[in-house]
**Q** 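Quick one: structure below, then a few questions.
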Amino acid sequence: MAQFVQALALGVLIGGIYALMASGLTLIFGVLRIVNIAQGAFLILVATFTWWLWRATGLDPILASVITAPLMFGLGWVLYRFVISRIRGQAASMSVLLTFGLALVIEGVLNIVTGNRFRSATPAYFEESFRLGDILLPKAQVYGFLAAVAVLGGLYLVLTRTWTGRAIRATSQNPSAAALVGIGATATAALAFALGSASAGVGGSILSVLYPFFPASHYDWISRLLGIVVLGGMGSLPGALCGALILGLAETLTATYGSLQWSTLVFYLVIMVVLLVRPQGLFGARLREDAA
Amino acid sequence: MNFLRRIPRQHLIAGIVLLLLVLYPVVNPWQPYPQGVMLIAFLLAIQASSWNIISGYAGYISLGHSMFLGLGSYTAAIIALHTGVNPLWVAPLGGVTAVVIAIVFGSVVLRTRGHAFVIITIALLLSAQIVATNWDGLTNGSDGITLELPFWSADFQNIPFYYAFLILLVLTVLFSAWIARTKFGTGLIAIREDEGKAASIGVNTTVFKILAYAASSFFIGAAGGVYAYYQTFLNPVGAFAILGSVLIVLSALLGGRGSLYGPVIGAFIVSLVNEAATVYGGSTQSRVLILGLILVAVVLFLPAGLLPTLQAAWRKRHPVETKYTDQTGALSHQTVAVVRERLPDAPVTPGPLLEVRGVSKRFGGLVAVDNADLTVERGSITALIGPNGSGKTTLFNLITGNMPVDSGTITFNGKRIEKLAPWTRGHLGLGRTFQVTRLFKDMTVLQNVVAPLPDGRLRTMFADAVSGHEAARARDLLGVVGLARFADQRAGELSYGQQKLVELAQVLMLSPELILLDEPAGGVNPSLLGRLTGVIRELNQAGVTFLVVEHNIPLVLDLCDPVHVFARGSCIASGPPQQIREDPVVLDAYLGDDWRPQDAHA
């Protein structure tokens, strides 16, 4: 029993962190209709940078997100304004290919600059745990979870309580109507892409402590994150939360009762089953397409 | 040499290049290095050309296509290991494995539109790697499988592999060319351009996409079997490398996605660049960066790809004159025969053809269609009028299946259809046009008209779309609407009114018993409108029933009988036009107080 509760607790912690990582992807898709294949590469880029910062200055990797998030916000904004916005109005598949290309460029640069080997940031609390009765909660996981929840909460507040957030949501629902009431489409899109990238900033810093990574790890990550988004329903933030929790639980439960190697497969299996029953994903809405 | 001139120039060039490639090992036999580079280029070309079927023709991008190469390799290697058969002879079974996997996963993911597919393709590739690594008993895990060396004398070097890959490449290109010629291929392009519209003209989009995915996997899987033997060793990381997928995508994109030879040309270029990067650029590290930069550059600056861009430039310099072939003869007596071809010969018997009973549709809090009833009599031209937002177009979408009903029944020709897929309703004889025309703008006018499928049979699906009966019929139908001379023009280049007529011809290809016209007169100039109403009357004479949504009231009162008036999601009045134009309820809800009956003829 304790083993089960332990697995559940770990699953929720990891799920929260996955939710943060997937939120950027789903935000970018919701507003821009772009599947950002480079989101995984963003995570690895940030993780590598965080690792370097931690080695050079001893700055706590999770705290480093205070630096990495704004940096990624800037990078996302620049990438959107100068690269991605150039293909607006073209077929959606072009954005997939473009962001795939960007992911490769980031991977290639990391390969050349940092070399092709595994890394992991190991601060002092790396191997310590909090004890709750029979349950052990690794400190790194807990700190990461708290940071993720704080950032997700902040993101939620920005989207619902500020003019900027309303502009982003308006654009995601109807870009041309939003433009008619004075919301600049390009500026809002750039902002959404920057916000999505910034969430990868925090996510990547957390990742550097929790998982060993190397430049080509981004394929694993993007595949997991995309799985979460498909499972939850493309573009739905609550869907991403739910999908992330399912992935977290599937992984920890499979690792506890089966073996770690198969945990990712179990998650993909869950996706397949969900898609069989609900092709649009758990929270995916089918909106009317006639009133364009 | 006269017959050579009649072969299109691109096929002629391809033939000459093929001849040179066939002769190359004979002319220059003792050069293992260039042969090795070439056969890897053939392998990449096989993959890019196959990828083009699902991602170029149908527009569904796969980022994990190298998985099929790995599946084929493992299939052939495992069979060879357990039975002792030479992997070369069981290589086609690699293709079979690839097809089975494509169909199984395609049927799960391809039922929806949009992005789930691209995502699953990456996930599948990584999953395949995980399975190959962990299923020790079958695959030998990460140690991999070692195969015997080729059975032929070392004197032949890799020449047998060279020819094996070349033959597979020729088969792949022929297969792709054949697909592009069929109605299946036209349907795939229709899906790429506008999937909802494709479904409404009888294209079973789900089956088409799954078949396209399967078709794009077979030759890669078969080539995988040969490749395993060529390498004599395979392991999970090498067999399911994502870099392989990158090369495929890049090749097809660079050469020209959706064109026949583009992916092959792209594969040769990418292979050479890749080889050069390996020799001069150092390790894999810099290769990823170089490939990534090229991919970004191609998407940004050469999105159509080399071949289509060059072809467009060539066409600009050498414009083809529009052939003015018909004009007289349009709207001739031939109309009836052409349209009725697939209809039963029975004379039109009166009675209801379409019955809508108690149908409702909600969008969140908005009730767009509220418990609506509507009957369309066989042989009539029935009108549906009403203010904007009264639910007319939504009702159309419910009848044709573009949206599911929330409740109520729809009966067509005595058969309940409200649960059927849009294409099945099309096969039953239900056709529609759209309020804003939705032609496939990058296809020619003729391709647009050939695309519809009047039934779901495989024979129809794989019928020739470029020549033969279907194309002839499409030309006839273009003649019916008087646009045959535009047959080879791109549909997007036509005027709006002409596009409306092409859309009508497209629907006629379904040989429909009932055609739903959504605002046929909107944006059409008066002279074209005259032609349009003429065609509608003529077709009606031939036994086609019409349901028309239209705001042009004089036209409605002139053309249609009976007229149904819709307001707030249901029918508030029905009757012959004379009665409707004086009905106080209708005047209040739609026409307004200042409508005077005599305006009808103004």
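Computed from a predicted structure; not experimentally measured. Throughout, a chain's letter reflects where its sequence line sits, starting with A, and its residues are numbered from 1.
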**Q** Report which part of B:Ile294 has an atom under 4.5 Å of a heavy atom belonging to chain A: side chain, backbone, both, or neither.
**A** neither
**Q** Quick check on salt bridge (Lys or Arg N to Asp or Glu O under 4.0 Å): which of B:Arg111, B:Arg438, B:Lys209 does B:Glu195 satisfy it with?
**A** B:Lys209
**Q** What part of A:Val105 gets closer than 4.5 Å to chain B, counting heavy atoms only: side chain, backbone, both or neither?
**A**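 Answer is both: backbone and side chain atoms of A:Val105 are under 4.5 Å from chain B.
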**Q** Quick one: what part of A:Tyr268 sits under 4.5 Å from any heavy atom of chain B, side chain, backbone, both or neither?
**A** side chain
**Q** Specify which of B:Val246, B:Val118, B:Leu125 makes the most heavy-atom pairs with chain A at under 4.5 Å.
**A** B:Val246
**Q** Side chains of B:Thr394 and B:Phe363: does their closest heavy-atom pair fall under 4.5 Å?
**A**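 With C-beta onward as the side chain, the pair touches.
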**Q** Which one, B:Ile120, B:Ile242, B:Thr133, B:Leu124, leads in non-hydrogen pairs under 4.5 Å with chain A?
**A** B:Ile242
**Q** Can you tell me which portion of A:Ile271 sits under 4.5 Å from chain B's heavy atoms? Options are side chain, backbone, both or neither.
**A**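 For A:Ile271, the contact with chain B is made by the side chain alone.
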**Q** In terms of side-chain heavy atoms, does B:Thr393 have a donor or acceptor partner in B:Asp518 at a distance below 3.5 Å?
**A** yes
**Q** Please classify the contact of B:Phe434 with chain A as side chain, backbone, both or neither, using a heavy-atom distance under 4.5 Å.
**A** neither
**Q** Out of curiosity, A:Tyr257 OH to A:Thr252 OG1, how far, rounded to the nearest 0.5 Å?
**A**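 Rounded to the nearest 0.5 Å, the OH-OG1 separation comes out at 9.5 Å.
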**Q** Is A:Val273 close to chain B through its backbone or its side chain, or both, or neither, when contacts mean heavy atoms under 4.5 Å?
**A**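 No part of A:Val273 comes within 4.5 Å of chain B.
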**Q** For the backbone of B:Met403 and the side chain of B:Asn397, can you confirm whether one donor and one acceptor N or O come within less than 3.5 Å of each other?
**A**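 Flag not set: sc B:Asn397 to bb B:Met403 has no pair under 3.5 Å.
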**Q** May I ask you to decide if the ring planes of A:Phe193 and A:Phe42 are parallel, tilted or perpendicular, using 30° and 60° as cut-offs?
**A** perpendicular
**Q** Taking the side chain as every heavy atom from C-beta outward, state whether A:Phe267 and A:Ile228 have any pair of such atoms under 4.5 Å apart.
**A**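 Yes, side chains in contact.
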**Q** Which one wins on heavy-atom pair count under 4.5 Å against chain A: B:Val296, B:Val298, B:Ile119?
**A** B:Ile119
**Q** Under 4.5 Å heavy-atom distance to chain A, tell me which part of B:Arg257 shows up: side chain, backbone, both or neither.
**A**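 Answer is side chain: those atoms of B:Arg257 sit under 4.5 Å from chain A.
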**Q** Which answer fits B:Phe117, side chain, backbone, both or neither, if we ask what part of it has an atom under 4.5 Å from a heavy atom of chain A?
**A** neither
**Q** Is there a side-chain contact between A:Leu75 and A:Ser197, using heavy atoms and a 4.5 Å cut-off?
**A** no
**Q** Checking A:Ile37 against chain B: side chain, backbone, both or neither under 4.5 Å from a heavy atom?
**A** side chain
**Q** What's the spacing between A:Tyr211 OH and A:Ser217 OG if we round to 0.5 Å?
**A**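 With rounding to 0.5 Å, OH (A:Tyr211) is 12.0 Å from OG (A:Ser217).
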**Q** Under a 4.5 Å cutoff for heavy-atom pairs, which residue among B:Ile61, B:Leu126, B:Asn134, B:Val249 has the most contacts with chain A?
**A**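 Option with the top pair count is B:Asn134.
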**Q** Under 4.5 Å heavy-atom distance to chain A, tell me which part of B:Leu293 shows up: side chain, backbone, both or neither.
**A** both
